[in-house]
There are 2 protein chains.
Amino acid sequence: MSKGFTTKETILKTAFELTSKFGLESLSIGELAKSVGMSKSGLFSHFKSKEKLQLMVMDYAAENFTLKVVKPALTKGRGIDRIEAMMENWVKWSGTYLPGGCPFLSAIVEFDDRPGAVRDHIKVLQGTMVETFARSVEIAKEESQIKSSASSEQLAYELYSNMIGFHIYNRLLKDKNAKVKFQNLYKSILEKVQV
Amino acid sequence: MSKGFTTKETILKTAFELTSKFGLESLSIGELAKSVGMSKSGLFSHFKSKEKLQLMVMDYAAENFTLKVVKPALTKGRGIDRIEAMMENWVKWSGTYLPGGCPFLSAIVEFDDRPGAVRDHIKVLQGTMVETFARSVEIAKEESQIKSSASSEQLAYELYSNMIGFHIYNRLLKDKNAKVKFQNLYKSILEKVQV
DNA sequence: AATATAATAGCACGACCGTTCGGTTTGGAT
DNA sequence: ATCCAAACCGAACGGTCGTGCTATTATATT
């Protein structure tokens with residue numbers, strides 16, 4: 001019971017890193033086994049199919065995101081501070097913590113045209129992530145820090161778009177001012193609706 | 001001379017569509033040959049390597065983007081009208097013209113961690129695309145429609161992020177209001193700096 | 001119409017893919 | 001110390017991948 005759990009965790013951690021670097025699609029069982037240092041079949045027996053592995057990697061990534069981005073922001077008070085903390089945590093996550101690109105983004109673009117369990121799962125995970133943003137905006141509205149007329153769905157969309165934009169500017173274009181642009185945008189997004 | 005050119009164009013068109021649906025990475029020569037209706041080796045001889053094929057597909061996509069998004073907007077007058085036309089053309093391109101997702105976006109996330117000719121090429125193409133946006137903002141500044149204090153680089157970033165955000169909301173999350181959110185954002189981005 | 005050249009097909013190659021199976025090693029409970 | 005189940009390995013399977021090679025067919029030029 002214990003041993004199996006430990007190695008499975010090790011596998012998922014390595015798989016998470018490989019996915020960040022090369023995408024969920026290119027994550028091959030043979031290569032993963034080599035990275036972990038065990039046999040292909042030994043690794044495979046932990047997951048009964050590649051699809052199940054992919055699903056678990058996405059869950060691992062989601063937990064990681066919650067742990068590194070969402071949870072630390074909860075120590076901040078309810079309102080705009082918390083939203084800004086989540087934005088800054090995201091920059092750190094995307095820019096320094098991850099060994100490669102955002103595992104969700106690659107999964108999204110790789111699977112949004114392939115119907116199946118993986119696609120459905122990513123959709124759910126990204127949906128809850130967007131809802132988390134929308135909820136934090138709602139809280140800021142309850143605290144009278146954001147105009148009650150503002151749409152939390154719209155704001156969540158704007159914050160989300162900014163995150164993806166930063167990621168591409170930072171990773172592909174290697175824009176040195178990507179972080180500043182990101183901060184400028186989320187601040188002006190919030191200013192616009194601030195009471 | 002003529003025949004070769006025609007079939008090569010046919011191949012690239014099909015490859016462009018397959019890339020839109022499944023990504024540049026998953027574009028396999030065998031599958032592409034089957035779609036076009038010719039033999040694997042016959043198709044392969046047109047491109048001396050898979051990498052060259054990928055580069056040409058990206059060029060094809062860039063031409064297509066220019067043709068469908070940038071060029072039609074040039075009929076509009078210099079200034080904000082033209083910027084808004086490009087935004088609307090992009091929605092049409094991304095939402096209705098393409099058979100799948102944005103071929104650039106998939107290429108970006110698939111290759112931003114794989115050094116090589118493909119990565120370098122995408123970087124150049126996306127760079128010029130962003131510069132096109134920045135340039136159209138510059139023009140609007142020359143026409144005194146946008147404050148001269150506004151940073152065209154910053155605005156290009158904001159417009160670009162919005163485009164990617166829309167794409168994900170529309171394709172993965174299947175948000176029915178994605179287009180409205182997109183329009184709201186680019187309008188508020190432009191309003192903010194309008195003279 | 002003859003000829004040179006481009007375009008395409010067929011076949012084979014080594015490598016890797018996900019998956020299965022039979023056997024071996026290992027760890028924890030009795 | 002014994003025993004059983006869990007963990008792991010090695011080898012092999014049918015497929016697909018990109019890429020050569022040789023031969024054949026179609027096209028363009030003279």
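The chains referred to below are lettered A, B, ... by the order of the sequence lines, with proteins before strands, and numbering in each begins at 1. No hydrogens, no waters, no symmetry mates; every other heavy atom, side chains included, goes into these values.
The side chain to side chain donor-acceptor pair (under 3.5 Å) search around A/Glu153 returns B/Lys181, not counting sequence neighbours. Under the rule for a ring-ring contact (aromatic ring centres under 6.0 Å, His included), A/Phe47 has no partner lying at least two apart in sequence or in another chain. Annotation: side-chain contact (heavy atoms from CB on, under 4.5 Å) contacts of A/Ala85 (sequence neighbours excluded): A/Ala73, A/Lys76. A search for ring-ring contact (aromatic ring centres under 6.0 Å, His included) contacts involving A/Phe22 returns nothing, not counting sequence neighbours.
Residue B/Ser45 is in base contact, counting any heavy-atom pair closer than 4.0 Å across all strands shown.
Residue B/Gln54 contributes atom CD, which lies 14 Å from atom P of D/dC17 at whole-angstrom precision. We find that CG of B/Leu53 is positioned 13 Å from P of D/dC17, with the value rounded to whole Å. Straight-line distance from the NE2 atom of A/His46 to the P atom of D/dA5: 18 Å, rounded to whole Å. At whole-Å resolution of the value, NZ in B/Lys34 and C1' in C/dA9 are 16 Å apart. In this structure, NZ of B/Lys8 is placed 15 Å from C1' of C/dT8, rounded to the nearest angstrom. Between B/Lys50 atom NZ and D/dT16 atom P there is a gap of 15 Å when expressed in whole angstrom units. To the nearest angstrom, P of C/dA7 lies 14 Å from NZ of B/Lys48.
The pair A/Glu143-A/Arg82 fails the salt-bridge criterion, with no side-chain N (NZ, NE, NH1 or NH2) lying under 4.0 Å from an Asp/Glu carboxylate O. Between A/Asp113 and A/Arg119 no salt bridge is recorded (no basic side-chain N to carboxylate O distance below 4.0 Å).
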Distance-only donor-acceptor hits, side chain of residues 29-43 of chain A, under 3.5 Å, sequence neighbours excluded:
from: A/Ser35; atom 1: OG; to: A/Glu31; atom 2: O; distance (Å): 3.2
from: A/Ser39; atom 1: OG; to: A/Gly42; atom 2: N; distance (Å): 3.0

Side chains of residues 129-138 of chain B: which donor-acceptor pairs under 3.5 Å do they make with residues two or more places apart or in other chains?
from: B/Thr132; atom 1: OG1; to: B/Thr128; atom 2: O; distance (Å): 2.8
from: B/Ser136; atom 1: OG; to: B/Phe133; atom 2: O; distance (Å): 2.7
from: B/Glu138; atom 1: OE2; to: B/Ser152; atom 2: OG; distance (Å): 2.9

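The stretch residues 19-32 of chain A does not touch DNA chain D, since none of its heavy atoms comes less than 4.0 Å from the strand. Residues from residues 35-44 of chain B that place a heavy atom under 4.0 Å from any atom of DNA chain D, listed by number: B/Lys40, B/Ser41, B/Phe44.
In this structure, of C/dG18, D/dC8, C/dT8, it is C/dT8 that holds the atom nearest to the side chain of B/Thr7.
Applying the ring pair (Phe, Tyr, Trp, His ring centres under 6.0 Å) test to every pair with at least one member in residues 107-126 of chain B, sequence neighbours left out, gives no pairs at all.
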